[in-house]
There are 2 protein chains.
Amino acid sequence: MKSGSLKIGKFNPYINHNTYCIFFEKLANPLRMGIVLCLRQKKRNVSEITKELQVEQSKISHALKTLKNCNIVKVNKKGKQRIYSLNKDTILPILKLIDSHANKYCRGKCYLWEK
Amino acid sequence: MKSGSLKIGKFNPYINHNTYCIFFEKLANPLRMGIVLCLRQKKRNVSEITKELQVEQSKISHALKTLKNCNIVKVNKKGKQRIYSLNKDTILPILKLIDSHANKYCRGKCYLWEK
DNA sequence: ATTTCATATGAATAATATTTCATATGTGTT
DNA sequence: AACACATATGAAATATTATTCATATGAAAT
């Protein structure tokens, strides 16, 4: 796919067409999104997230790793626990934009949005 | 996964946890993202997009359908052509937020972002 | 130093999304 | 009406991503 002519990423040569995709990919998953929304309320350790979402622990860990890799969440150690917290600066405004979008286009049961 | 306690989507009952995922899913694909960036410049018909991105036509049509379903793009007819344009209100600010995010965390070749 | 609790990891399997390609539809032209 | 051009669609094949589960690591407690 040709894309050299497209001006993207405010001219940082390391931000390209795929940077966006990869970022979106991380959020395009119900479990990871569940974690994001869960951490939106407050920081939590892995066990707490596991309990809150009622999902098997290794799944949570895999998902957290993915989210951490692209800095959507960050970790802190506390004894044997890992406390995860949301990078709110980026995520919260994005979720708000999608809220507006959905409020505008997705009134009533919105089949178009379904997969 | 439990999620009833999470306040999402400004209380529109049709916006939930999955609304976000589905939206992100649409953008989490190099071809669809290519189209979005291509349409950011100006509106174009299918042939023009096909030519610009150098991708087989039916692929473009499939991708456009997906993007249209969730209102990321819209269409207008003009003779036998379909002119697609980007819904800039939602997408452009989101891309900007990711630019800032990437500029902050992705300096130099950023392996963490890779799949 | 052994046990226990908290979390992470690898790799096979399963689920899901994308590509492909043949063909259909729709619109204008002759 | 026959043709040509523009775009869309269905469905099988393929590629990508997520889940699973057994197990590893790491840190505190006994």
Side-chain angles (χ1 to χ4, degrees), chain A residues 1 17-18 20-36 38-39 43-70 72-85 111-115, chain B residues 1-3 17-18 20-36 38-39 43-70 72-85 111-115:
Chain A
M1 192 194 316
H17 167 235
N18 276 315
Y20 299 124
C21 294
I22 293 170
F23 185 88
F24 288 127
E25 216 168 69
K26 311 304 178 180
L27 297 168
N29 171 281
L31 175 56
R32 291 194 294 267
M33 187 48 102
I35 291 175
V36 164
C38 173
L39 292 178
K43 47 179 70 171
R44 298 179 205 255
N45 66 38
V46 178
S47 304
E48 288 167 338
I49 300 168
T50 299
K51 199 176 176 189
E52 175 71 21
L53 301 184
Q54 314 244 60
V55 167
E56 192 256 323
Q57 176 266 317
S58 81
K59 244 169 123 173
I60 299 285
S61 280
H62 280 299
L64 284 168
K65 185 181 189 180
T66 301
L67 290 171
K68 184 162 58 64
N69 279 349
C70 68
I72 292 172
V73 302
K74 63 179 204 290
V75 216
N76 277 100
K77 294 189 184 182
K78 184 186 176 186
K80 43 186 167 180
Q81 303 182 149
R82 304 289 158 93
I83 316 281
Y84 282 86
S85 55
Y111 297 106
L112 293 179
W113 277 74
E114 281 160 27
K115 304 195 192 185
Chain B
M1 190 192 316
K2 200 172 81 178
S3 70
H17 167 235
N18 276 316
Y20 298 125
C21 294
I22 293 170
F23 185 88
F24 288 126
E25 214 168 70
K26 310 306 178 182
L27 296 169
N29 172 280
L31 175 57
R32 291 193 295 267
M33 192 49 150
I35 291 175
V36 163
C38 173
L39 293 179
K43 48 179 69 172
R44 297 179 205 256
N45 66 38
V46 178
S47 305
E48 288 167 338
I49 300 169
T50 299
K51 198 176 177 190
E52 174 72 21
L53 300 184
Q54 315 244 59
V55 167
E56 192 256 322
Q57 176 267 318
S58 80
K59 243 169 124 172
I60 300 285
S61 280
H62 280 299
L64 284 168
K65 186 182 189 181
T66 301
L67 290 171
K68 185 162 56 65
N69 279 348
C70 67
I72 291 173
V73 303
K74 63 180 204 289
V75 218
N76 277 100
K77 295 187 183 181
K78 183 186 177 187
K80 42 186 168 181
Q81 305 182 148
R82 303 289 157 95
I83 317 279
Y84 282 85
S85 56
Y111 296 107
L112 293 178
W113 277 75
E114 280 161 27
K115 306 197 190 184

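Labels below follow one simple rule: chain letters A, B, ... track the order of the sequence lines, proteins then strands, and each chain is numbered from 1.
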Among C:dT19, D:dA8, C:dA8, which is the nearest nucleotide to the side chain of B:L31? C:dT19

Say whether, by atom type as modelled, one donor and one acceptor occur between the side chain of B:H17 and the main chain of A:P30 under 3.5 angstrom. yes

Side-chain contact check for A:S47: nearest option of C:dT18, C:dT27, C:dA6 is C:dA6

Would you mind reading off the distance between A:I35 atom CD1 and C:dT7 atom P, rounded to a whole angstrom? 12 Å

C:dC5, D:dA18, D:dG10: which one has an atom nearest the side-chain heavy atoms of B:K65? D:dG10

May I ask you to verify whether the side chain of A:Q81 and the base of D:dA27 hold a donor-acceptor pair under 3.5 Å? no

Is there a donor-acceptor pair closer than 3.5 Å between any side-chain N or O of A:R32 and the backbone N or O of A:K26? yes

Using centres under 5.5 Å plus planes under 30 degrees as the test, is A:H62 stacked with C:dT9? yes

Kindly point out which of C:dA8, D:dA8, D:dC21 is positioned nearest to the side chain of A:S58? D:dC21

For C:dA12, which nucleotide in any strand shown is its Watson-Crick or wobble partner with both distances under 3.5 Å? D:dT19

In whole angstroms, how far is the C1' atom of C:dT9 from the CD1 atom of A:I60? 16 Å

Closest of D:dT17, C:dA8, D:dT7 to the A:E25 side chain is D:dT17

Expressed in angstrom and rounded to an integer, what is the separation of A:N69 atom CG from C:dA8 atom C1'? 13 Å

A:K59 NZ to C:dT13 C1': how many Å, rounded? 14 Å

Sorted by position of nearest nucleotide on DNA chain C, 5' first, the leading residue of B:K78 and A:N45 is A:N45

Just the rounded figure in Å: distance from C1' of D:dA18 to NZ of A:K26. 13 Å

Taking only the side-chain heavy atoms of A:Y84 (C-beta and beyond), determine which of C:dT18, D:dT7, C:dA8 contains the nearest atom. C:dA8

Phosphate-side-chain proximity, B:R32 and C:dT18, N/O vs OP1/OP2 below 4.0 Å: yes

For A:E56 and for B:V46, find the nucleotide of DNA chain D with the closest heavy atom, then tell me which residue's nucleotide is more 5'. B:V46

When you measure from the side chain of A:N18 to the backbone N and O of A:C21, does any donor-acceptor pair fall under 3.5 Å? no

Assigned partner base of C:dT23, Watson-Crick or wobble definition, under 3.5 Å: D:dA8

From CG of A:N76 across to C1' of C:dA6 the rounded distance in Å is 16 Å

Check: B:S58 main-chain N/O paired with B:E56 side-chain donor or acceptor under 3.5 Å: yes

When rounded to whole Å, the CG to C1' distance for the pair B:L53 and C:dT19 reads 16 Å

Under a 3.5 Å limit on both distances, the Watson-Crick or wobble mate of D:dT30 is C:dA1

Atom NZ of A:K68 to atom C1' of C:dT9: distance rounded to whole Å? 12 Å

Of the candidates D:dT7, C:dG26, C:dA6, the side chain of B:K80 sits closest to C:dG26

So do the side chains of B:N76 and B:K78 get within less than 4.5 Å of each other, counting heavy atoms only? no

Check against side-chain contact (heavy atoms from CB on, under 4.5 Å), A:I49 and A:L39: CA-CA 8 Å; A:I49 300 168; A:L39 292 178; 4.0 Å; yes

